[in-house]
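Contents: one structure, followed by commentary.
For the numbers below, each heavy atom of this structure counts, side chains included, while hydrogens, waters and symmetry mates do not. Keep in mind it's a predicted model, so treat the numbers as computed, not measured.
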Amino acid sequence: MAGTTWFLQFFFYGMGESKMGNGPSSWILHMAFIILIANVWGLILKEWKGVGKKTLSTIIIGIIVILLSVLLVGWGNSMR
């Protein structure tokens, strides 16, 4: 089931990219959201419970950086 889900993400990415038509930035957004959603789910499901404060702050800073980068890519695409 995991393999099928992994394969389907590329299938649906290809469909979405052809509709978006913004080339490389769609791949950047795709990968950013995979990382973002995986880490947020990890926080929600308490997979990070018991880690040190430095580790938790690194994860949260990483999520913020990904969100800012998605906004930056979106803003850059809107300028075309």
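Taking the side-chain contact (heavy atoms from CB on, under 4.5 Å) definition, one finds that F10 meets it with W6, W27, sequence neighbours left out. Taking W41 as the reference, nothing meets the ring pair (Phe, Tyr, Trp, His ring centres under 6.0 Å) condition, with sequence neighbours excluded.
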When the side chains of residues 46-65 are checked against the rest of the protein, which donor-acceptor pairs come out under 3.5 Å, sequence neighbours left out?
residue: S57; atom: OG; partner: K53; partner atom: O; Å: 3.1
residue: S57; atom: OG; partner: K54; partner atom: O; Å: 2.9
residue: T58; atom: OG1; partner: K54; partner atom: O; Å: 2.8

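One finds the CZ atom of F12 at 10.0 Å from the OG1 atom of T5 (value rounded to the nearest 0.5 Å).
Between V70 and A32, the shortest heavy-atom distance links the atoms CG2-CB, 3.8 Å.
The list of side-chain hydrogen bond (donor to acceptor under 3.5 Å, both in side chains) pairs with a residue in residues 28-40, not counting sequence neighbours, reads Q9-H30.
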